[in-house]
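One is the number of the first residue; the rest follow in order along the sequence.
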Amino acid sequence: MTSVTLTPLTPALADKLRQVTVAPDQVVFSGQPTEVIDLNDPVIDVHVILSDGAAVGMFRIDRGFHNHHQFAARSIFGLRTFLIDQHKQGRGIAKACCQQLHSYLSAAYPKAEAIMLTVNLRNPGAYRAYVSGGFIDTGAQYMHGGAGPQNILKFQLKK
């Protein structure tokens with residue numbers, strides 16, 4: 001069984017993350033890691049997905065998500081740029097990661113009330129992974145995504 005670990009980005013992991021690539025047909029949904037890991041946005045944190053100790057993916061937490069999405073309150077952070085290396089997909093890594101997100105993000109962001117994300121309607125695999133990890137479809141859609149309409153998903157961090 002594959003072991004999946006989540007951890008904040010470090011300089012050593014950044015070099016390994018630069019080797020992760022997304023398939024051409026998925027770039028529209030997430031971009032490539034090299035496009036976002038060095039942006040140094042003060043409200044966005046990069047986290048690395050490790051599988052059996054190797055960097056295989058990433059996601060970003062946007063603490064300013066509410067500034068760009070009127071459906072999100074200030075206490076709601078955004079999950080963005082979730083991706084798994086194209087050569088590591090289909091092994092349950094995304095699902096295992098999503099199943100760890102609640103406890104990982106609750107510990108890392110104690111001031112956050114919830115996490116929200118938008119997932120493109122043309123990306124059913126990602127949608128399934130998020131829902132398997134506890135995200136709930138709000139029933140609303142975000143119509144301003146660069147690749148088309150997106151479902152809005154959410155999970156509560158605080159009871």
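- Looking at heavy atoms from C-beta onward, Asn151 lies in side-chain contact with Leu121 at the 4.5 angstrom threshold.
- Using a 4.5 Å heavy-atom cutoff, the side chains of Leu50 and Thr7 are in contact.
- Rounded to the nearest 0.5 Å, atoms NE2 (His144) and CD (Gln70) are 7.0 Å apart.
- The closest side-chain heavy-atom distance from Leu117 to Val119 is below 4.5 Å.
- Using modelled atom types, one side-chain atom of Gln89 and one backbone atom of Ile84 make a donor-acceptor pair closer than 3.5 Å.
- Using cut-offs of 30° and 60° for the angle between ring planes, the His69 and Phe65 rings count as parallel.
- We find the CE-CZ distance between Met58 and Arg80 to be 10.5 Å, quoted to the nearest 0.5 Å.
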- Query: Going through the checks in order, is the ring-ring contact (aromatic ring centres under 6.0 Å, His included) test met by Phe135 and Phe155?
  - Reply: CA-CA 5 Å; Phe135 281 89; Phe155 73 63; 4.3 Å; yes

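- In terms of heavy atoms, Leu6 sits closest to Cys97 at CD2-SG, 3.4 Å.
- Of all non-hydrogen atoms in Gln86 and Ala23, the two that sit nearest each other are OE1-CA, 3.3 Å.
- At a threshold of 4.0 Å, the pair Arg18-Asp38 counts as salt-bridged, since one of the basic side-chain nitrogens sits closer than that to a carboxylate oxygen.
- Between Ser75 and the options Glu113, Lys111, His66, a side chain to side chain donor-acceptor pair (under 3.5 Å) holds for only Glu113.
- In this structure, OG1 on Thr118 lies 12.0 Å from CE on Met143, to the nearest 0.5 angstrom.
- Taking CG from Leu13 and CD1 from Ile49, the interatomic distance works out to 12.0 Å, rounded to the nearest 0.5 Å.
- Atom CD1 in Ile76 sits 16.0 Å away from atom CZ in Arg63 (nearest 0.5 Å).
- Contact of the Phe77 side chain with the Leu157 side chain is not registered, since no non-hydrogen atoms from C-beta on lie closer than 4.5 Å.
- A donor-acceptor distance shorter than 3.5 angstrom exists from the side chain of His102 to the backbone of Gln156, with no hydrogens or angles considered.
- Between Gly31 and Val22 the shortest heavy-atom distance is O-CG2, 3.5 Å.
- In this structure, the side chain of Asp62 does not engage the main chain of Ile44 through any donor-acceptor pair within 3.5 Å.
- Counting heavy atoms from C-beta outward, Leu83 and Pro33 have side chains that approach closer than 4.5 Å.
- The side-chain heavy atoms of Leu39 and Arg60, taken from C-beta on, include a pair separated by under 4.5 Å.
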- Query: Would Asp45 and Tyr109 satisfy side chain to side chain contact (heavy atoms under 4.5 Å, CB included), going step by step from the backbone distance to the final call?
  - Reply: CA-CA 11 Å; Asp45 305 315; Tyr109 299 97; 2.7 Å; yes

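- Side-chain contact check for Phe59 versus Leu101: some heavy-atom pair is nearer than 4.5 Å.
- Between the side chain of Asp137 and the backbone N or O of Leu153, no donor-acceptor pair lies under 3.5 Å.
- Leu79 has its side chain within reach of Ile61: a pair of non-hydrogen atoms, C-beta onward, lies under 4.5 Å apart.
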